[in-house]
Amino acid sequence: MIIKYYEDRVEIENINDFIPRHVFDCGQCFRWTEEEDGSYTGVAYKKVVNIGMFGDKLVINNTNKQDFDNIWNDYLDLTRDYGRIKSHIDIDEHMHKAIGFGRGIRTLNQDEWEILITFIISANNRIPMIRNAVENLSEKYGEEIGEYRGRKYYAFPTPQAIAKANLEDIRNCKVGFRDKYILAAAKHIEKNMEWLYSIKEFDYEAASRELKKLKGVGDKVAHCILLFSMGKYSAFPVDVWIKRIMTTLYGDEIEGNGIGEFASSNFGEYAGFAQQYLFFYGRENNVGKNNEKRSKMK
DNA sequence: CCACAGGGCGGCA
DNA sequence: TGCCGCCCTGTG
């Protein structure tokens, strides 16, 4: 990995296991949009950047050395050896296929607060609507952080900004019945910032228990927060897609002990990475969807 | 107009 | 403890 710094961008040569579409479209983030050249533009940590892969060169536009060192290197998980992880979870032909299909996925290291609210919104919701709600919230309550390629961008709102809002205005951002969970979470986090940001120091079970004290955070949402913002890579979020995929691929093996047990005994500390490959592979290929439709027809 | 997709909560065994 | 009706919004 050779890093070259320029005034307005950073280029990283000889990088493996990074494909923008896999990274930004695998369900872990909702604020990145594809440009015509296949690169993605988005906001994180109050900065707008554009990220593209050209050959084996990763280009981060609209940034500099300081931000790369402080933010993007970690956010994009560039220091992790994904080859090693893949070999650990490549346990059979299904995983081999899924890993091959989503070979360019990396697990982003996102902000705890942003992920908390985003995944509260994700409950019983679909990806385009989650994206829409997050954008609405950011435009309404987030700081304007500048223009890029002719478009205005907004930071994700602070807990303080949302805590001050009223319920109806939050609802108008198209968050639906989750409005009260968002407001309650903001009010709680505003007064207990250290609480949220210290959860990652707890062990996996304790961290999950802490998160579930918040309304709107159940098992699945807690696992997403742990995996996407707290580096708890043994988390294996189970949503309807993962249920479908796992019952289709591993029907007999998950009978009895369940999906979570299957994941932890087969993938262990790397379960979260396995979930990412399985989710992306299953979603993009509609794994299990056809069977379901057929069984619903009479 | 209706069916459907998609997690968590709260009430009730 | 487990089950079930309900909560919203956009799309087909």
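Bear in mind that the values here come from a model prediction, so they are computed numbers and not experimental data. Quick note on labels: first sequence line is chain A, next is B, and so on, each numbered from 1.
- For A:K86, the NZ atom sits in a packed shell: over 12 heavy atoms of surrounding residues, nucleotides or ligands are nearer than 6.0 Å.
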Pair A:D77-A:Y82, side chain to side chain donor-acceptor pair (under 3.5 Å): steps then yes or no: CA-CA 10 Å; A:D77 211 27; A:Y82 275 75; 2.5 Å; yes
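- Of the listed nucleotides (C:dC8, C:dT9, B:dG7), B:dG7 has the atom at the smallest distance from the side chain of A:N124.
- Of the possible polar contacts, none joining the A:Y233 side chain to the A:T107 backbone as a donor-acceptor pair under 3.5 Å is found.
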Quick one: what's the B/S/- string for nucleotides 8-13 of chain B, heavy-atom cutoff under 4.0 Å, read 5' to 3'? SSS---
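- A straight line from NZ of A:K174 to P of C:dT11 spans 11 Å, rounded to a whole angstrom.
- The separation between A:I225 atom CD1 and B:dG7 atom P is 14 Å, rounded to whole Å.
- In this structure, A:K243 atom NZ and B:dG7 atom P are separated by 8 Å, rounded to whole Å.
- For A:R131, no side-chain nitrogen or oxygen approaches OP1 or OP2 of C:dG10 to under 4.0 Å.
- Straight-line distance from the CZ atom of A:R126 to the C1' atom of C:dG12: 9 Å, rounded to whole Å.
- Of the residues A:F24, A:F228, A:F119, A:F156, the one that meets the ring-ring contact (aromatic ring centres under 6.0 Å, His included) test with A:F30 is A:F119.
- More than 12 heavy-atom neighbours from other residues, nucleotides or ligands sit within 6.0 angstrom of NZ on A:K212.
- Between A:F267 and A:F236, the angle of the ring planes stays under 30°, which puts this pair in the parallel group of the 30/60° scheme.
- When rounded to the nearest whole Å, the span between CZ of A:F177 and P of B:dG7 equals 10 Å.
- Taking atom CG of residue A:N172 and atom C1' of nucleotide C:dG10, one finds them 16 Å apart after rounding to whole Å.
- Between A:L167 atom CG and C:dC7 atom P there is a gap of 16 Å when expressed in whole angstrom units.
- OP1 or OP2 of C:dC8 sits under 4.0 Å from a side-chain N or O of A:R171.
- When each of A:I12, A:I15, A:I19 is tested with A:M53 by the rule side-chain contact (heavy atoms from CB on, under 4.5 Å), just one qualifies, namely A:I15.
- Atoms NZ (A:K289) and C1' (B:dA5) sit 7 Å apart, rounded to a whole Å.
- Contacts of A:D239 with the nucleic acid, taken as non-hydrogen atoms under 4.0 Å apart, involve only primed sugar atoms and P, OP1 or OP2.
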